[in-house]
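The structure appears right after this line, and notes come after that.
Read the numbers this way: they start at 1 and go in the same order the structure lists the ligands and their atoms.
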Amino acid sequence: MSKATIDETMLDRLAEVAVRVGVNIQQGQDLVLTAPAEALPLVRRVAAAAYRAGAGLVTPILSDGDVTRARYLHAGEDSFDRAPGWLYDGMAAAFAGGAARMAIAGDDPMLLSDIDAAKVSRAGKANSMAYKPAMEHIVNFDVNWAIASYPHPGWARRVFPDLPEDEAVVRLADAIFAASRVDTPDPVAAWADHNAALRARTDWLNERRFAALHFRGPGTDLTVGLADGHEWMGGASRAKNGVICNPNIPSEEVFTTPHAEKTEGTVRATKPLAHQGSLIEGIEVRFEKGRITEARASRGEDVLRELIATDEGARRLGEVALVPHGSPISQSGLLFYNTLFDENAACHIALGQCYSKCFVDGGDLSADQIAAQGGNSSMIHVDWMIGSAETDIDGITDTGDRVPVFRAGEWAD
Ligand code: ZN
Ligand code: ZN
């Protein structure tokens with residue numbers, strides 16, 4: 001019997017979509033590309049597609065799971081407070097000079113599950129601090145950027161633990177192709193239709209200007225106050241350099257910025273959260289005045305505690321997002337152990353840094369103005385899923401009126 005292999009035509013189309021729809025590379029624009037080494041078949045196709053589309057210089061930066069593990073297993077104690085700042089400074093300089101950014105995701109989500117959570121947290125913190133100058137260009141949306149995914153074997157084994165590895169990779173590849181809308185004859189046109197549908201939702205929410213959203217579901221009774229001057233975003237959006245891109249391939253969400261001090265109540269996660277190589281399951285959290293005052297998890301509670309202790313903003317919300325239960329990713333029934341996919345299967349909230357673009361005229365606001373309007377700041381931004389087929393959401397207006405937004409996991413209208 002021959003080995004199952006990834007459909008190369010689909011991989012070509014995924015590269016094309018990532019370059020043309022995702023990052024929308026411009027004539028002469030440079031591209032900084034990060035990816036796991038396993039994703040080289042996609043990296044090569046992305047580079048080719050980018051050069052065909054007129055890219056100036058494509059610079060890939062590869063990482064490898066075994067190299068990462070080697071550090072945690074063999075490096076000395078002081079290694080875990082370090083990060084390659086020189087590399088990130090270079091990336092920041094590239095973005096300041098107008099380069100676009102693409103990340104190819106798909107590492108083994110459980111790569112570090114047997115490693116000491118404190119070491120992983122320290123290394124993550126050092127990395128976030130060193131990466132901040134580069135990351136700011138991304139969170140401020142200075143340049144066009146996108147994330148796409150490759151079916152890494154280590155990832156595929158987690159999603160399909162009962163299949164031989166080659167079959168698991170093909171099944172995951174097909175799920176990525178479907179979710180990324182490249183399994184259609186004209187993926188670029190399919191994305192245009194999808195973006196128009198998301199736009200209709202964000203327009204409706206932006207006209208309503210809700211003061212808060214009230215989520216109800218099993219274990220959840222949560223009121224998320226929205227930031228002053230918040231703006232709902234989704235699908236294609238315009239970076240400050242004027243380029244319209246789709247930062248997430250796939251993307252089903254519409255999202256905005258909560259007020260850092262106005263979330264109240266309890267919330268239960270509806271899916272496990274794969275975070276930095278560990279799995280956090282059964283998350284239950286209480287918020288008071290926007291701040292987490294109680295946090296529990298049935299698995300990985302130590303990782304959750306380390307996470308929310310990162311800094312003051314790590315205990316507060318930086319994003320709230322709406323995704324219908326009927327979205328294609330949700331209907332696949334798969335748990336991807338990967339935020340890019342799982343967050344697009346369910347309504348979610350994110351702890352940590354807000355997106356300045358999720359404010360009216362956000363690009364013109366200073367960090368102080370964003371904070372004054374309720375935008376949260378943190379070194380982390382971690383999404384976790386709180387929506388299901390049982391989720392009801394009301395929009396609450398300034399005057400306290402309630403408008404149905406979601407009923408039984410779907411848009412109410
Ligand atoms: Zn999101
Ligand atoms: Zn997010």
Side-chain angles (χ1 to χ4, degrees), residues 22 101 103 105 109 124 128 131 135-136 138-141 145-149 179-180 194-195 198-199 201-202 205 213 215 222 224 226-227 230-237 245-260 263 267 269-276 280 283 285 292 304 307-308 310 313-325 327-330 336-359 362 370 374-388 391 393 405-406 409 411:
R101 162 93 167 104
S128 298
Y131 192 52
M135 188 67 187
E136 272 175 353
I138 305 303
V139 297
N140 293 336
F141 211 14
W145 63 271
I147 310 180
S149 292
S180 306
H194 180 49
N195 278 324
L198 291 171
R199 182 62 189 266
R201 298 298 183 189
T202 56
L205 288 160
L213 296 178
F215 288 78
L222 186 75
V224 178
L226 301 180
H230 68 271
E231 181 163 4
W232 287 88
M233 310 278 292
S237 49
C245 61
N246 271 266
N248 289 355
I249 304 284
S251 183
E252 302 290 335
E253 61 173 338
V254 297
F255 57 102
T256 195
T257 301
H259 194 292
T263 292
V267 58
T270 51
K271 289 171 184 286
L273 166 61
H275 177 69
Q276 291 187 342
I280 313 177
I283 300 175
V285 161
I292 291 178
L304 177 64
L307 179 69
I308 64 177
T310 307
R315 290 181 168 270
R316 298 178 186 272
L317 294 185
E319 179 192 340
V320 58
L322 306 182
V323 181
H325 186 69
S327 88
I329 299 172
S330 171
F336 285 87
Y337 302 95
N338 177 312
T339 300
L340 181 58
F341 287 80
D342 291 327
E343 78 162 345
N344 282 302
C347 292
H348 56 273
I349 49 182
L351 296 173
Q353 180 66 41
C354 74
Y355 290 107
S356 60
K357 68 178 177 179
C358 288
F359 285 94
I370 286 169
N376 191 33
S377 80
S378 171
M379 280 190 293
I380 68 159
H381 176 100
V382 178
D383 300 273
W384 46 287
M385 281 50 81
I386 65 167
S388 72
T391 299
I393 306 170
V405 176
F406 266 47
W411 288 100

Fill in the blank from the handout: Value for CH2 (W384) from NE2 (H348), rounded to nearest 0.5 Å, stands at 12.0 Å

Practice task
For P324, check side-chain contact (heavy atoms from CB on, under 4.5 Å) against everything at least two apart and list the hits.
Solution key: F406, E410, W411

Problem - Considering only N, O or S atoms of H381, the one closest to the Zn ion (ligand 2) - result: NE2

Handout entry: Over all atoms of both residues, closest heavy-atom pair of E253 and N344
Key = N-OD1, 3.3 Å

Practice task
Can you list, by chain and residue number, the protein N, O or S atoms under 2.8 Å from the Zn ion (ligand 1)?
Solution key: E253 OE1, E319 OE2, E343 OE1, H348 NE2

Handout entry: Non-neighbouring partners of H194 that pass side-chain contact (heavy atoms from CB on, under 4.5 Å), sequence neighbours left out
Key = R181, W191, L198, E252

Exercise for the section: Find out whether E319 and F255 are in side-chain contact, i.e. whether some heavy atom of one side chain is under 4.5 Å from a heavy atom of the other. Expected result: yes

Practice task
Can you sort out the partners of R201 under side chain to side chain donor-acceptor pair (under 3.5 Å), two or more places apart, ordered by chain and number?
Solution key: D413

